[in-house]
Amino acid sequence: MSTLQAVRGMHDILPEDMPYWARLEQTLRDLFDAYGYSEVRLPIVEKTELFLRSIGEVTDIVEKEMYSFDDRNGESLTLRPEGTAGSVRAGIEHGLVQPQQTHKWWYSGPMFRHERPQKGRYRQFHQVGIEVFGLEGPDIDVELILLTRRLWQMLGLSTVVQLEINTLGSPESRHTFRQLLVDYFSAHRDRLDEDSLRRLERNPLRILDSKNPDLKDLIEGAPRLHDSLDDESRAHFAQLQAMLAGAGVAFVVNPHLVRGLDYYNRTVFEWKTDRLGAQAAVAAGGRYDGLVAQLGGKSVPAIGCAFGMERVVALLQDLGVAPAVAQVDVYVVLAGDAAVRVGFQLTEAWRDAVPGLRMVVNCGGGSFKAQFRRADRSHARWAVILGEDEVQKQVITLKPLREQGEQRQVAWMMVGATLKSLCG
RNA sequence: GUGGCUGUAGCUCAAUAGGUAGAGCACAGGAUUGUGAUUCCUGGUGUCGUGGGUUCGAUUCCCAUCAGCCACCCCA
(Lines give C-alpha, C1' and ligand atoms only; values in the text may rest on other atoms or scores of the structure.)
Protein backbone atom coordinates (compact mmCIF):
# COMPACT_ATOMS: atom_id res chain seq x y z
CA MET A 1 0.00 0.00 0.00
CA SER A 2 1.26 3.41 -0.90
CA THR A 3 2.17 5.91 1.74
CA LEU A 4 -0.08 8.33 -0.11
CA GLN A 5 -3.57 8.10 1.24
CA ALA A 6 -6.53 10.34 1.76
CA VAL A 7 -6.61 12.46 4.90
CA ARG A 8 -8.33 10.65 7.73
CA GLY A 9 -12.06 10.92 7.61
CA MET A 10 -12.06 12.38 4.11
CA HIS A 11 -13.35 9.79 1.73
CA ASP A 12 -13.45 9.35 -2.02
CA ILE A 13 -16.74 8.94 -3.79
CA LEU A 14 -16.03 6.59 -6.68
CA PRO A 15 -17.93 5.79 -9.89
CA GLU A 16 -19.68 2.82 -8.32
CA ASP A 17 -21.15 5.12 -5.64
CA MET A 18 -22.13 7.90 -8.00
CA PRO A 19 -25.44 6.52 -9.25
CA TYR A 20 -26.76 6.74 -5.69
CA TRP A 21 -25.45 10.26 -5.26
CA ALA A 22 -26.74 11.34 -8.63
CA ARG A 23 -30.17 9.97 -7.89
CA LEU A 24 -30.30 11.70 -4.53
CA GLU A 25 -29.09 15.00 -5.92
CA GLN A 26 -31.50 14.93 -8.86
CA THR A 27 -34.38 14.05 -6.56
CA LEU A 28 -33.53 16.94 -4.25
CA ARG A 29 -33.23 19.35 -7.14
CA ASP A 30 -36.63 18.32 -8.47
CA LEU A 31 -38.09 18.62 -5.00
CA PHE A 32 -36.77 22.11 -4.40
CA ASP A 33 -38.03 23.22 -7.80
CA ALA A 34 -41.43 21.80 -6.94
CA TYR A 35 -41.59 23.73 -3.65
CA GLY A 36 -40.18 26.97 -5.02
CA TYR A 37 -36.81 27.06 -3.27
CA SER A 38 -33.82 28.82 -4.85
CA GLU A 39 -30.29 27.49 -4.91
CA VAL A 40 -27.41 29.47 -3.44
CA ARG A 41 -23.71 28.65 -3.55
CA LEU A 42 -21.67 30.02 -0.69
CA PRO A 43 -18.00 29.90 0.26
CA ILE A 44 -16.56 26.87 1.98
CA VAL A 45 -14.28 29.14 4.01
CA GLU A 46 -15.60 31.82 6.34
CA LYS A 47 -14.10 33.94 9.08
CA THR A 48 -13.78 31.93 12.26
CA GLU A 49 -15.63 34.62 14.15
CA LEU A 50 -18.81 33.88 12.21
CA PHE A 51 -19.01 30.40 13.67
CA LEU A 52 -18.06 31.53 17.16
CA ARG A 53 -20.90 34.01 17.15
CA SER A 54 -23.54 31.73 15.62
CA ILE A 55 -22.94 28.12 16.64
CA GLY A 56 -21.83 29.12 20.14
CA GLU A 57 -18.45 29.23 21.79
CA VAL A 58 -19.06 26.39 24.21
CA THR A 59 -20.38 23.89 21.68
CA ASP A 60 -18.39 20.81 20.71
CA ILE A 61 -18.21 21.97 17.12
CA VAL A 62 -16.51 25.22 17.98
CA GLU A 63 -14.42 23.96 20.85
CA LYS A 64 -12.82 20.96 19.25
CA GLU A 65 -14.05 20.18 15.78
CA MET A 66 -13.32 23.14 13.56
CA TYR A 67 -10.68 23.22 10.85
CA SER A 68 -9.32 26.69 11.57
CA PHE A 69 -6.18 28.27 10.21
CA ASP A 70 -4.60 31.67 9.81
CA ASP A 71 -4.85 33.36 6.44
CA ARG A 72 -1.69 35.02 5.09
CA ASN A 73 -2.78 38.27 6.64
CA GLY A 74 -3.14 36.65 10.05
CA GLU A 75 -6.92 36.51 10.02
CA SER A 76 -8.42 33.30 11.40
CA LEU A 77 -10.48 31.41 8.84
CA THR A 78 -12.45 28.18 9.17
CA LEU A 79 -13.66 25.46 6.83
CA ARG A 80 -17.41 25.62 7.36
CA PRO A 81 -18.69 23.00 9.79
CA GLU A 82 -22.29 23.69 8.76
CA GLY A 83 -24.24 25.84 6.34
CA THR A 84 -26.59 28.02 8.32
CA ALA A 85 -24.05 30.54 9.58
CA GLY A 86 -22.78 31.29 6.08
CA SER A 87 -26.31 31.55 4.74
CA VAL A 88 -27.28 34.09 7.37
CA ARG A 89 -24.08 36.02 6.78
CA ALA A 90 -24.74 36.13 3.04
CA GLY A 91 -28.36 37.12 3.53
CA ILE A 92 -27.38 40.03 5.76
CA GLU A 93 -24.38 41.09 3.67
CA HIS A 94 -26.44 41.40 0.49
CA GLY A 95 -29.35 43.10 2.19
CA LEU A 96 -31.67 40.25 1.29
CA VAL A 97 -32.83 39.25 4.72
CA GLN A 98 -35.32 41.96 5.69
CA PRO A 99 -38.45 42.01 7.80
CA GLN A 100 -41.61 41.34 5.80
CA GLN A 101 -39.60 39.58 3.13
CA THR A 102 -39.40 35.86 2.56
CA HIS A 103 -36.47 33.95 1.10
CA LYS A 104 -36.36 30.22 0.62
CA TRP A 105 -32.89 28.93 -0.09
CA TRP A 106 -31.18 25.62 -0.52
CA TYR A 107 -27.54 24.73 -0.87
CA SER A 108 -25.38 21.68 -1.20
CA GLY A 109 -21.77 21.04 -0.47
CA PRO A 110 -19.00 19.77 1.77
CA MET A 111 -18.78 20.52 5.48
CA PHE A 112 -15.84 19.87 7.76
CA ARG A 113 -15.71 18.68 11.34
CA HIS A 114 -12.74 17.11 13.08
CA GLU A 115 -14.53 14.16 14.66
CA ARG A 116 -13.44 10.57 15.13
CA PRO A 117 -14.48 8.93 11.86
CA GLN A 118 -16.95 6.09 11.67
CA LYS A 119 -19.28 4.76 9.04
CA GLY A 120 -21.66 7.60 8.24
CA ARG A 121 -19.49 10.09 10.08
CA TYR A 122 -16.73 11.80 8.17
CA ARG A 123 -14.48 14.79 8.63
CA GLN A 124 -15.42 16.03 5.20
CA PHE A 125 -19.06 15.23 4.66
CA HIS A 126 -21.81 16.62 2.49
CA GLN A 127 -24.98 18.33 3.47
CA VAL A 128 -27.91 19.64 1.54
CA GLY A 129 -29.51 22.38 3.56
CA ILE A 130 -32.59 24.56 3.46
CA GLU A 131 -32.89 28.00 5.01
CA VAL A 132 -36.09 30.01 5.10
CA PHE A 133 -36.01 33.64 6.22
CA GLY A 134 -38.91 35.87 7.18
CA LEU A 135 -41.60 33.45 8.27
CA GLU A 136 -42.41 32.97 11.92
CA GLY A 137 -45.54 30.83 11.95
CA PRO A 138 -45.61 27.07 12.35
CA ASP A 139 -46.84 26.67 8.79
CA ILE A 140 -43.33 26.96 7.38
CA ASP A 141 -42.11 24.48 9.98
CA VAL A 142 -44.69 22.08 8.64
CA GLU A 143 -43.68 22.75 5.05
CA LEU A 144 -40.07 21.81 5.71
CA ILE A 145 -41.18 18.60 7.34
CA LEU A 146 -43.56 17.82 4.49
CA LEU A 147 -40.85 18.50 1.94
CA THR A 148 -38.57 16.14 3.79
CA ARG A 149 -41.23 13.50 4.08
CA ARG A 150 -41.74 13.70 0.33
CA LEU A 151 -38.03 13.15 -0.20
CA TRP A 152 -38.19 9.90 1.76
CA GLN A 153 -41.19 8.86 -0.28
CA MET A 154 -39.45 9.64 -3.55
CA LEU A 155 -36.38 7.70 -2.47
CA GLY A 156 -38.27 4.74 -1.07
CA LEU A 157 -36.95 5.34 2.43
CA SER A 158 -40.21 6.10 4.23
CA THR A 159 -40.18 2.85 6.17
CA VAL A 160 -36.73 3.33 7.68
CA VAL A 161 -36.98 6.90 9.01
CA GLN A 162 -39.00 8.29 11.89
CA LEU A 163 -39.74 11.90 12.73
CA GLU A 164 -39.11 13.32 16.18
CA ILE A 165 -40.04 16.86 17.13
CA ASN A 166 -39.67 19.10 20.12
CA THR A 167 -39.77 22.73 21.07
CA LEU A 168 -37.03 24.61 22.85
CA GLY A 169 -39.18 27.63 23.55
CA SER A 170 -38.03 31.19 23.34
CA PRO A 171 -34.44 32.08 24.20
CA GLU A 172 -35.75 33.48 27.47
CA SER A 173 -37.77 30.44 28.46
CA ARG A 174 -34.94 28.22 27.43
CA HIS A 175 -32.60 30.20 29.60
CA THR A 176 -34.96 29.92 32.54
CA PHE A 177 -35.27 26.21 32.06
CA ARG A 178 -31.53 25.80 31.75
CA GLN A 179 -31.08 27.44 35.11
CA LEU A 180 -33.71 25.20 36.68
CA LEU A 181 -31.89 22.19 35.31
CA VAL A 182 -28.51 23.33 36.53
CA ASP A 183 -29.97 23.91 39.99
CA TYR A 184 -31.63 20.50 39.99
CA PHE A 185 -28.66 18.49 38.81
CA SER A 186 -26.22 20.46 40.92
CA ALA A 187 -28.24 19.42 43.94
CA HIS A 188 -27.79 15.80 42.87
CA ARG A 189 -24.25 16.17 41.66
CA ASP A 190 -23.11 13.02 43.47
CA ARG A 191 -25.40 10.86 41.33
CA LEU A 192 -24.16 12.15 37.98
CA ASP A 193 -21.66 10.29 35.84
CA GLU A 194 -18.55 11.83 34.33
CA ASP A 195 -20.20 12.76 31.02
CA SER A 196 -23.12 14.40 32.73
CA LEU A 197 -20.92 16.41 35.05
CA ARG A 198 -19.20 17.78 31.99
CA ARG A 199 -22.54 18.49 30.37
CA LEU A 200 -23.69 20.29 33.48
CA GLU A 201 -21.14 22.96 32.75
CA ARG A 202 -21.55 23.10 29.00
CA ASN A 203 -24.94 21.90 27.86
CA PRO A 204 -27.15 20.82 30.75
CA LEU A 205 -30.07 20.03 28.43
CA ARG A 206 -28.02 17.16 27.09
CA ILE A 207 -28.07 15.37 30.43
CA LEU A 208 -31.73 14.65 29.73
CA ASP A 209 -30.61 12.68 26.68
CA SER A 210 -28.12 10.49 28.57
CA LYS A 211 -28.03 6.81 27.68
CA ASN A 212 -26.81 5.84 31.13
CA PRO A 213 -29.60 3.74 32.73
CA ASP A 214 -28.35 4.66 36.20
CA LEU A 215 -29.54 8.20 35.59
CA LYS A 216 -33.03 7.27 34.46
CA ASP A 217 -34.74 7.98 37.76
CA LEU A 218 -32.88 11.20 38.29
CA ILE A 219 -33.76 12.41 34.80
CA GLU A 220 -37.43 11.51 35.22
CA GLY A 221 -37.56 13.70 38.29
CA ALA A 222 -35.94 16.65 36.56
CA PRO A 223 -37.78 19.86 35.71
CA ARG A 224 -39.56 19.69 32.35
CA LEU A 225 -38.88 22.10 29.57
CA HIS A 226 -42.53 22.21 28.68
CA ASP A 227 -43.36 23.56 32.14
CA SER A 228 -41.05 26.51 31.47
CA LEU A 229 -42.37 27.32 28.04
CA ASP A 230 -43.66 30.78 27.28
CA ASP A 231 -47.23 30.96 26.05
CA GLU A 232 -46.34 31.87 22.46
CA SER A 233 -43.95 28.96 22.09
CA ARG A 234 -46.52 26.65 23.61
CA ALA A 235 -49.12 27.83 21.12
CA HIS A 236 -46.64 27.56 18.24
CA PHE A 237 -45.84 23.97 19.17
CA ALA A 238 -49.50 23.06 19.60
CA GLN A 239 -50.32 24.45 16.16
CA LEU A 240 -47.36 22.64 14.66
CA GLN A 241 -48.57 19.32 16.02
CA ALA A 242 -52.14 19.96 14.90
CA MET A 243 -51.00 20.82 11.38
CA LEU A 244 -48.73 17.80 11.16
CA ALA A 245 -51.52 15.56 12.32
CA GLY A 246 -53.83 17.22 9.83
CA ALA A 247 -51.37 16.50 7.04
CA GLY A 248 -51.10 12.88 8.09
CA VAL A 249 -47.51 13.11 9.26
CA ALA A 250 -46.50 10.50 11.83
CA PHE A 251 -44.28 11.95 14.52
CA VAL A 252 -43.09 11.45 18.05
CA VAL A 253 -42.65 14.28 20.52
CA ASN A 254 -39.27 13.74 22.12
CA PRO A 255 -38.92 16.21 25.00
CA HIS A 256 -35.25 15.32 25.21
CA LEU A 257 -34.50 16.24 21.60
CA VAL A 258 -31.92 18.98 21.92
CA ARG A 259 -29.76 20.45 19.22
CA GLY A 260 -26.06 20.87 19.64
CA LEU A 261 -25.92 24.33 18.19
CA ASP A 262 -26.82 27.28 20.36
CA TYR A 263 -28.86 29.23 17.85
CA TYR A 264 -31.91 26.99 17.80
CA ASN A 265 -35.17 27.97 19.46
CA ARG A 266 -38.77 26.78 19.38
CA THR A 267 -39.29 24.02 16.80
CA VAL A 268 -36.56 21.44 16.40
CA PHE A 269 -36.94 18.16 14.55
CA GLU A 270 -34.91 15.19 13.54
CA TRP A 271 -35.44 12.31 11.14
CA LYS A 272 -33.85 9.23 12.62
CA THR A 273 -33.09 5.75 11.37
CA ASP A 274 -32.11 2.58 13.16
CA ARG A 275 -30.15 1.33 10.13
CA LEU A 276 -26.95 3.28 10.62
CA GLY A 277 -25.83 2.38 14.12
CA ALA A 278 -24.91 5.38 16.20
CA GLN A 279 -25.30 7.72 13.25
CA ALA A 280 -29.05 7.81 13.60
CA ALA A 281 -29.80 11.34 12.42
CA VAL A 282 -30.17 11.57 8.66
CA ALA A 283 -31.79 14.98 8.60
CA ALA A 284 -32.39 17.58 11.25
CA GLY A 285 -33.29 21.19 11.68
CA GLY A 286 -35.14 23.81 13.60
CA ARG A 287 -35.97 27.44 14.05
CA TYR A 288 -33.30 30.05 14.70
CA ASP A 289 -35.36 33.17 15.05
CA GLY A 290 -32.71 35.14 16.90
CA LEU A 291 -29.70 34.41 14.74
CA VAL A 292 -30.09 37.03 12.05
CA ALA A 293 -30.26 39.82 14.60
CA GLN A 294 -27.51 38.21 16.63
CA LEU A 295 -25.21 38.40 13.60
CA GLY A 296 -25.99 42.05 12.99
CA GLY A 297 -29.04 41.90 10.75
CA LYS A 298 -32.56 43.07 11.39
CA SER A 299 -34.76 40.89 13.53
CA VAL A 300 -35.98 38.29 11.07
CA PRO A 301 -37.33 34.85 11.99
CA ALA A 302 -35.83 31.88 10.27
CA ILE A 303 -35.87 28.10 10.10
CA GLY A 304 -33.65 25.57 8.41
CA CYS A 305 -32.72 21.97 8.15
CA ALA A 306 -30.01 19.83 6.63
CA PHE A 307 -29.65 16.35 5.21
CA GLY A 308 -26.56 14.24 5.75
CA MET A 309 -25.86 13.08 2.22
CA GLU A 310 -23.54 10.22 3.12
CA ARG A 311 -26.12 8.87 5.51
CA VAL A 312 -28.95 9.04 3.00
CA VAL A 313 -26.74 7.39 0.40
CA ALA A 314 -25.85 4.70 2.94
CA LEU A 315 -29.56 4.03 3.47
CA LEU A 316 -30.12 3.76 -0.27
CA GLN A 317 -27.25 1.32 -0.57
CA ASP A 318 -28.28 -0.57 2.54
CA LEU A 319 -31.77 -1.10 1.17
CA GLY A 320 -30.38 -2.19 -2.16
CA VAL A 321 -32.31 0.48 -4.00
CA ALA A 322 -30.44 -0.21 -7.20
CA PRO A 323 -29.94 2.83 -9.36
CA ALA A 324 -30.41 2.43 -13.09
CA VAL A 325 -27.31 1.29 -14.95
CA ALA A 326 -25.97 4.01 -17.18
CA GLN A 327 -27.27 3.42 -20.66
CA VAL A 328 -25.06 3.20 -23.71
CA ASP A 329 -26.66 3.12 -27.14
CA VAL A 330 -23.73 2.12 -29.31
CA TYR A 331 -20.26 0.65 -28.84
CA VAL A 332 -17.98 1.15 -31.85
CA VAL A 333 -15.57 -1.69 -32.54
CA LEU A 334 -12.57 -0.49 -34.49
CA ALA A 335 -10.34 -3.25 -35.83
CA GLY A 336 -7.25 -2.61 -37.85
CA ASP A 337 -5.23 0.48 -38.71
CA ALA A 338 -7.49 1.54 -41.54
CA ALA A 339 -10.53 1.51 -39.26
CA VAL A 340 -8.77 3.46 -36.54
CA ARG A 341 -7.67 6.04 -39.13
CA VAL A 342 -11.22 6.82 -40.29
CA GLY A 343 -12.93 5.96 -37.00
CA PHE A 344 -13.20 9.33 -35.34
CA GLN A 345 -14.09 11.08 -38.57
CA LEU A 346 -17.10 8.83 -38.84
CA THR A 347 -18.11 8.72 -35.21
CA GLU A 348 -17.99 12.50 -34.86
CA ALA A 349 -20.25 12.80 -37.90
CA TRP A 350 -22.70 10.38 -36.26
CA ARG A 351 -22.64 12.46 -33.08
CA ASP A 352 -23.49 15.49 -35.21
CA ALA A 353 -26.34 13.62 -36.85
CA VAL A 354 -27.81 12.19 -33.63
CA PRO A 355 -27.67 14.71 -30.76
CA GLY A 356 -27.56 12.98 -27.40
CA LEU A 357 -26.32 9.72 -28.90
CA ARG A 358 -24.63 7.72 -26.18
CA MET A 359 -21.76 6.14 -28.02
CA VAL A 360 -18.56 4.61 -26.74
CA VAL A 361 -15.76 4.37 -29.27
CA ASN A 362 -13.23 1.63 -28.61
CA CYS A 363 -9.86 2.97 -27.60
CA GLY A 364 -6.76 0.99 -26.88
CA GLY A 365 -7.06 -1.48 -29.76
CA GLY A 366 -7.57 -5.13 -28.97
CA SER A 367 -8.82 -8.19 -30.77
CA PHE A 368 -12.38 -8.50 -31.99
CA LYS A 369 -13.00 -10.73 -29.02
CA ALA A 370 -11.64 -8.20 -26.58
CA GLN A 371 -13.55 -5.34 -28.14
CA PHE A 372 -16.80 -7.26 -28.11
CA ARG A 373 -16.25 -8.12 -24.50
CA ARG A 374 -15.91 -4.43 -23.73
CA ALA A 375 -19.00 -3.73 -25.81
CA ASP A 376 -20.95 -6.25 -23.79
CA ARG A 377 -19.79 -4.83 -20.49
CA SER A 378 -20.69 -1.31 -21.54
CA HIS A 379 -24.31 -2.50 -21.68
CA ALA A 380 -24.56 -1.06 -25.18
CA ARG A 381 -27.64 -1.96 -27.14
CA TRP A 382 -25.83 -2.01 -30.46
CA ALA A 383 -22.34 -2.71 -31.70
CA VAL A 384 -21.11 -0.84 -34.72
CA ILE A 385 -18.25 -2.77 -36.30
CA LEU A 386 -15.65 -1.14 -38.47
CA GLY A 387 -12.92 -3.50 -39.68
CA GLU A 388 -10.79 -3.90 -42.77
CA ASP A 389 -13.67 -5.25 -44.86
CA GLU A 390 -16.05 -2.50 -43.85
CA VAL A 391 -13.55 0.26 -44.59
CA GLN A 392 -12.91 -1.20 -48.00
CA LYS A 393 -16.64 -1.35 -48.78
CA GLN A 394 -17.42 1.93 -46.99
CA VAL A 395 -20.00 0.29 -44.73
CA ILE A 396 -20.33 -0.60 -41.08
CA THR A 397 -21.74 -3.75 -39.58
CA LEU A 398 -24.55 -3.13 -37.12
CA LYS A 399 -25.12 -5.87 -34.56
CA PRO A 400 -27.82 -6.00 -31.89
CA LEU A 401 -26.35 -6.94 -28.50
CA ARG A 402 -29.40 -6.92 -26.27
CA GLU A 403 -32.07 -8.53 -28.41
CA GLN A 404 -32.38 -11.21 -31.04
CA GLY A 405 -31.71 -10.31 -34.65
CA GLU A 406 -29.21 -10.63 -37.44
CA GLN A 407 -26.41 -8.17 -37.92
CA ARG A 408 -26.53 -6.15 -41.10
CA GLN A 409 -24.39 -3.82 -43.08
CA VAL A 410 -25.12 -0.13 -43.48
CA ALA A 411 -23.46 2.23 -45.93
CA TRP A 412 -21.51 5.06 -44.30
CA MET A 413 -23.87 7.65 -45.72
CA MET A 414 -26.82 5.97 -44.06
CA VAL A 415 -25.35 5.34 -40.62
CA GLY A 416 -26.44 8.68 -39.11
CA ALA A 417 -30.03 8.21 -40.19
CA THR A 418 -30.03 4.59 -39.08
CA LEU A 419 -28.71 5.39 -35.62
CA LYS A 420 -31.18 8.21 -35.33
CA SER A 421 -34.09 5.89 -35.97
CA LEU A 422 -32.73 3.30 -33.56
CA CYS A 423 -31.46 5.48 -30.73
CA GLY A 424 -32.58 9.06 -31.32
C1' G B 1 -11.42 13.07 22.83
C1' U B 2 -12.19 7.66 25.67
C1' G B 3 -12.40 2.24 25.19
C1' G B 4 -12.27 -1.98 21.84
C1' C B 5 -11.79 -4.95 17.05
C1' U B 6 -9.34 -5.25 12.38
C1' G B 7 -5.40 -4.39 8.39
C1' U B 8 -2.42 -10.52 3.39
C1' A B 9 -3.39 -10.01 -4.72
C1' G B 10 -7.99 -4.96 -7.86
C1' C B 11 -12.26 -7.48 -4.61
C1' U B 12 -13.78 -11.46 -0.84
C1' C B 13 -10.77 -14.36 2.14
C1' A B 14 -7.08 -18.56 3.46
C1' A B 15 -2.10 -20.23 5.23
C1' U B 16 2.57 -20.37 7.99
C1' A B 17 2.92 -23.17 17.23
C1' G B 18 8.76 -17.66 13.40
C1' G B 19 11.97 -20.42 7.18
C1' U B 20 9.36 -13.97 2.42
C1' A B 21 2.36 -16.76 0.62
C1' G B 22 -2.43 -19.32 -1.83
C1' A B 23 -8.02 -19.95 -3.54
C1' G B 24 -12.34 -17.92 -5.75
C1' C B 25 -13.96 -13.73 -8.31
C1' A B 26 -11.96 -10.14 -11.50
C1' C B 27 -8.23 -9.06 -15.34
C1' A B 28 -5.08 -10.43 -19.93
C1' G B 29 -3.84 -13.96 -23.90
C1' G B 30 -5.19 -18.45 -26.42
C1' A B 31 -8.49 -22.81 -28.05
C1' U B 32 -12.13 -19.80 -32.15
C1' U B 33 -5.57 -15.29 -36.44
C1' G B 34 -13.59 -10.91 -37.81
C1' U B 35 -17.86 -11.37 -33.24
C1' G B 36 -19.98 -10.40 -26.38
C1' A B 37 -22.67 -16.53 -22.91
C1' U B 38 -20.58 -21.28 -21.26
C1' U B 39 -16.29 -24.54 -21.21
C1' C B 40 -10.99 -25.63 -21.38
C1' C B 41 -5.73 -24.02 -21.31
C1' U B 42 -2.08 -20.26 -19.95
C1' G B 43 -0.41 -15.83 -17.29
C1' G B 44 1.17 -11.90 -13.62
C1' U B 45 -1.37 -10.79 -9.75
C1' G B 46 1.65 -8.92 -3.44
C1' U B 47 7.29 -3.82 -0.06
C1' C B 48 1.71 -9.74 3.91
C1' G B 49 -0.81 -1.12 6.12
C1' U B 50 3.95 1.67 7.59
C1' G B 51 8.37 2.12 10.77
C1' G B 52 11.28 0.13 14.52
C1' G B 53 12.65 -4.07 17.98
C1' U B 54 13.68 -9.41 19.24
C1' U B 55 15.85 -13.34 16.07
C1' C B 56 20.57 -16.67 12.00
C1' G B 57 15.82 -15.44 9.78
C1' A B 58 9.48 -11.77 11.07
C1' U B 59 3.65 -11.67 7.07
C1' U B 60 3.72 -14.58 11.85
C1' C B 61 6.21 -12.40 18.33
C1' C B 62 6.80 -7.21 20.75
C1' C B 63 6.44 -1.74 20.44
C1' A B 64 5.04 2.53 17.93
C1' U B 65 2.40 4.70 14.08
C1' C B 66 -1.28 5.20 10.13
C1' A B 67 -6.05 3.78 8.39
C1' G B 68 -10.92 1.46 8.64
C1' C B 69 -14.76 -0.31 11.73
C1' C B 70 -17.80 -0.73 16.66
C1' A B 71 -19.50 1.55 21.19
C1' C B 72 -19.17 6.07 24.01
C1' C B 73 -19.11 11.24 22.87
C1' C B 74 -21.08 14.38 19.24
C1' C B 75 -23.84 15.30 15.15
C1' A B 76 -26.12 15.55 9.34
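Proteins get letters first, then strands, A, B, ... in listed order; numbering begins at 1 in each. Model, not experiment: these values are computed from the prediction.
In terms of position on RNA chain B, the residue among A:Val258 and A:Ala380 whose nearest nucleotide sits closer to the 5' end is A:Ala380. Sequence order on RNA chain B of the closest nucleotides to A:Lys211 and A:Val282 puts A:Lys211 first from the 5' end.
When the C1' atom is compared between B:A9 and B:C5, the two are found 24 Å apart, to the nearest whole Å. Of the C1' atoms belonging to B:U45 and B:C27, the separation is 9 Å, rounded to the nearest Å. Rounded to whole Å, the separation between the P atoms of B:C48 and B:U59 comes to 7 Å.
Taking the side chain of A:Glu388 as heavy atoms from C-beta on, and the options B:A71, B:G36, B:G34, the nearest nucleotide is B:G34. Proximity note for A:Tyr122 (side chain, C-beta onward) versus B:C74, B:C69, B:G34: the nearest is B:C69. If you check B:C72, B:U35, B:C27 against the side chain of A:Arg377, the one that comes closest is B:C27. The side chain of A:Leu261 lies closest to B:A76 when the candidates are B:A71, B:C74, B:A76. In this structure, of B:C73, B:G29, B:G34, it is B:G34 that holds the atom nearest to the side chain of A:Asp389. When each of B:A67, B:C72, B:G30 is scored by its nearest atom to the side-chain atoms of A:Ser367, the top-ranked nucleotide is B:G30. Looking at the side chain of A:Phe372, the nearest of the listed nucleotides B:A76, B:G36, B:G29 is B:G36.
When each of A:Leu155, A:Leu151, A:Val282 is paired with A:Val161, the side chain to side chain contact (heavy atoms under 4.5 Å, CB included) condition holds for A:Val282 and for no other.
At a threshold of 4.0 angstrom between heavy atoms, the contacts of A:Arg402 include nucleobase atoms, whether or not backbone atoms are also involved. Base contact: A:Gly120 has a heavy atom under 4.0 Å from a base atom. Residue A:Arg311 is classed as a base contact, given a heavy-atom separation below 4.0 Å to a base. Residue contacts shown for A:Lys119 are limited to sugar-phosphate atoms, with no base heavy atom under 4.0 Å away. Across all strands, A:Glu390 comes closer than 4.0 Å to base atoms (heavy-atom distances). As judged by a 4.0 angstrom heavy-atom cut-off over every strand, A:Lys399 is placed among the base-contacting residues. Residue A:Arg198 is in sugar-phosphate contact alone, with no base atom involved, counting any heavy-atom pair closer than 4.0 Å across all strands shown. Among the heavy atoms of the strands, none lies under 4.0 Å from A:Ala375. Residue-level contact check: A:Gly304 touches neither bases nor backbone, having no heavy atom under 4.0 Å from any strand. At the heavy-atom level, A:Ala278 lies under 4.0 Å from base atoms of the strands shown.
Counting heavy-atom neighbours within 6.0 Å of A:Arg202 CZ, excluding the residue itself, gives a total above 12.
Ring geometry for A:Trp106 against A:Phe32 counts as parallel: the plane angle stays under 30°, on a 0 to 90° scale with 60° as the upper cut. Relative orientation of the A:Trp21 and A:His11 rings is tilted, given thresholds of 30° and 60° on the angle between their planes.
Because its glycosidic torsion is within 90° of 0, B:A17 is reported here as syn.
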Any chance you could lay out the side chain to side chain contact (heavy atoms under 4.5 Å, CB included) test for A:Val142 and A:Ile145, step after step, and finish with the verdict? CA-CA 5 Å; A:Val142 173; A:Ile145 289 169; 5.7 Å; no
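Taking a pair to require two hydrogen-bonding distances under 3.5 Å in either a Watson-Crick or a G-U wobble arrangement, B:U55 remains unpaired. Across the strands present, B:U2 finds its partner in B:A71; the criterion is a Watson-Crick or G-U wobble pair with both atom distances under 3.5 angstrom. Across all strands shown, B:G49 is found opposite B:U65 as a Watson-Crick or G-U wobble partner, with both distances under 3.5 Å. Pair assignment for B:U12: B:A23, on the basis of Watson-Crick or G-U wobble contacts that are both within less than 3.5 Å. Base pairing of B:G34 is not made with any nucleotide, judged by Watson-Crick or G-U wobble geometry with both donor-acceptor distances under 3.5 Å. Pairing of B:A28, defined by two Watson-Crick or G-U wobble distances under 3.5 Å, is identified with B:U42.
Checked by distance alone, A:Gln407 brings a side-chain donor or acceptor within 3.5 Å of a matching partner on the base of B:U35. No hydrogens or angles were tested; on distance alone, nothing pairs the side chain of A:Arg116 with the base of B:G68 as donor and acceptor under 3.5 Å. For a distance-only test at 3.5 Å, the side chain of A:Arg121 qualifies as a donor-acceptor partner of the base of B:C73.
Spacing between atom CD of A:Glu16 and atom P of B:U12 amounts to 10 Å, rounded to whole angstrom units. Note: CG (A:Asp337) to P (B:G34) measures 14 Å, nearest angstrom. Atom pair A:Gln118:CD and B:G4:C1' shows a separation of 12 Å (rounding to whole Å applied). In this structure, A:Tyr264 atom OH and B:A76 atom C1' are separated by 9 Å, rounded to whole Å. Rounded to whole Å, the distance from CD on A:Glu65 to P on B:U2 is 14 Å. For the pair A:Ile396 CD1 and B:G34 P, the computed distance is 19 Å after rounding to whole Å. Look at CG on A:Leu398: it is 17 Å from P on B:G36, rounded to the nearest Å.
From A:Glu390, atom CD reaches atom CG of A:Leu334 across 10.5 Å, with rounding to the nearest 0.5 Å.
B:A76 has no stacking from A:Phe307 on its base ring, since the centres under 5.5 angstrom apart and planes within 30 degrees of parallel are not both found. In this pair, A:Phe368 does not lay its aromatic ring on the base of B:U35; centres under 5.5 Å and planes under 30 degrees do not both hold.
A:Arg259 has a side-chain polar atom (N or O) that falls below the 4.0 Å cut-off from OP1 or OP2 of B:A76. OP1 or OP2 of B:U65 has not a single side-chain nitrogen or oxygen of A:Arg8 nearer than 4.0 Å.
For A:Arg373 and A:Asp376, the salt-bridge test fails: no basic side-chain N is under 4.0 Å from an acidic carboxylate O.
Between the side chains of A:Glu25 and A:Tyr20, not a single donor N or O lies within less than 3.5 Å of an accepting N or O.
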